[in-house]
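Data block below; observations after.
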Amino acid sequence: QVQLMESGGGLVQPGGSLRLSCASSGVAFSINDMGWYRQAPEKQREVVATISRGGSINYAESAKGRFTISRDNAKHTVFLQMNSLKPEDTAVYYCNAAVETVTRQSREVWGQGTLVTVSS
């Protein structure tokens, strides 16, 4: 079974940068789309950016020009480079992956989340 683990969150000042990583482990036939989502207190979880196995990328409007998603298929890892951070970026950031199991079944997998706090 595939598991995801995020890392890289922390406290940063407005205008600062963080790089989040999401490493996958376990056995799967393939890991297809991956993405970053976030959930702020008292708000619903929202998509930040997604990336397909082939590299097709979509960003939330709030992330465009500031965040960059990338992935290393060989290492089964997805990254989120966050620049020019704003207080409204404060949230728990979750990694998501669409996994095809060895029996060719589709599964959605979530990490436990990593907290990003943007504050002076």
Side-chain angles (χ1 to χ4, degrees):
Q1 296 180 339
V2 172
Q3 294 181 322
L4 304 176
M5 185 175 66
E6 303 94 336
S7 63
L11 175 64
V12 64
Q13 297 184 58
S17 298
L18 286 173
R19 187 172 190 252
L20 306 183
S21 299
C22 173
S24 63
S25 61
V27 178
F29 181 81
S30 67
I31 299 177
N32 300 315
D33 291 354
M34 301 188 76
W36 287 96
Y37 297 72
R38 67 187 182 188
Q39 187 167 15
E42 306 296 326
K43 295 185 178 180
Q44 294 208 41
R45 189 172 299 184
E46 64 179 1
V47 63
V48 177
T50 61
I51 183 169
S52 72
R53 182 174 180 84
S56 180
I57 294 171
N58 287 287
Y59 291 104
E61 190 65 31
S62 61
K64 290 181 179 178
R66 300 189 300 126
F67 295 180
T68 302
I69 189 171
S70 61
R71 66 187 288 173
D72 185 332
N73 290 334
K75 296 183 180 295
H76 306 299
T77 302
V78 65
F79 306 93
L80 184 68
Q81 177 67 45
M82 303 187 295
N83 300 323
S84 302
L85 284 162
K86 305 174 181 179
E88 50 263 47
D89 295 317
T90 296
V92 177
Y93 284 71
Y94 297 91
C95 178
N96 171 267
V99 177
E100 189 173 5
T101 69
V102 294
T103 57
R104 309 299 294 274
Q105 295 180 312
S106 296
R107 295 283 185 271
E108 291 289 331
V109 182
W110 292 90
Q112 293 298 114
T114 184
L115 177 63
V116 172
T117 303
V118 185
S119 176
S120 59

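Index from 1, following the sequence. Computed from a predicted structure; not experimentally measured.
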Just wondering, do [Y] and [X] contact through their side chains at under 4.5 Å, heavy atoms?
| X | Y | result |
| --- | --- | --- |
| Cys22 | Phe79 | no |
| Phe67 | Leu85 | yes |
| Leu20 | Met82 | yes |
| Arg104 | Phe29 | yes |
| Tyr59 | Thr68 | yes |
| Thr50 | Tyr37 | yes |
| Ser62 | Arg38 | yes |
| Val2 | His76 | no |

Is it true that [X] and [Y] fall in one hydrophobic cluster, defined by side-chain heavy atoms closer than 4.5 Å?
| X | Y | answer |
| --- | --- | --- |
| Leu4 | Val116 | yes |
| Ile57 | Tyr93 | yes |
| Val12 | Val48 | yes |
| Val109 | Trp36 | yes |
| Val99 | Trp110 | no |

Supply the atom-to-atom distance [X] [atom1] to [Y] [atom2], rounded to the nearest 0.5 angstrom.
| X | Y | atom1 | atom2 | answer |
| --- | --- | --- | --- | --- |
| Arg19 | Ser7 | CZ | OG | 9.5 Å |
| Ile51 | Leu80 | CD1 | CG | 10.5 Å |
| Asn32 | Met34 | CG | CE | 10.0 Å |

Within 6.0 Å of [atom1] in [X], more than 12 heavy atoms from elsewhere:
| X | atom1 | result |
| --- | --- | --- |
| Glu108 | CD | yes |
| Gln39 | CD | yes |
| Gln44 | CD | no |

Which atom pair, heavy atoms only, marks the closest approach of [X] to [Y]?
| X | Y | result |
| --- | --- | --- |
| Arg53 | Asp33 | N-OD1, 4.3 Å |
| Ser84 | Ser17 | N-OG, 4.3 Å |
| Ala60 | Val47 | CB-O, 3.4 Å |
| Ala97 | Ile31 | CB-CG2, 4.0 Å |
| Ser120 | Pro14 | N-CD, 3.7 Å |
| Arg107 | Gln105 | NH2-OE1, 3.1 Å |

Subject >> Residues forming a salt bridge (Lys or Arg N to Asp or Glu O under 4.0 Å) with Arg45, sequence neighbours excluded >> reply: none
**OP:** Using the test side-chain hydrogen bond (donor to acceptor under 3.5 Å, both in side chains), find all partners of Gln81 that sit at least two apart in sequence or belong to another chain.
**Re:**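 With sequence neighbours excluded, Gln81 shows a side-chain hydrogen bond (donor to acceptor under 3.5 Å, both in side chains) to Asn83, given in chain and number order.
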Subject >> All side-chain hydrogen bond (donor to acceptor under 3.5 Å, both in side chains) counterparts of Lys64, not counting sequence neighbours >> reply: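 Applying side-chain hydrogen bond (donor to acceptor under 3.5 Å, both in side chains) to Lys64 gives Glu61.
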Original post:
Within the distance-only criterion (no hydrogens, no angle test), does the side chain of Glu6 pair as donor or acceptor with the backbone N or O of Gln112 below 3.5 angstrom?
Top reply: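 Yes, because the side chain of Glu6 sits within donor-acceptor range (under 3.5 Å) of the backbone of Gln112.
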Original post:
Can a donor-acceptor pair be found between the side chains of Ser119 and Thr117 at a distance below 3.5 Å?
Top reply: no
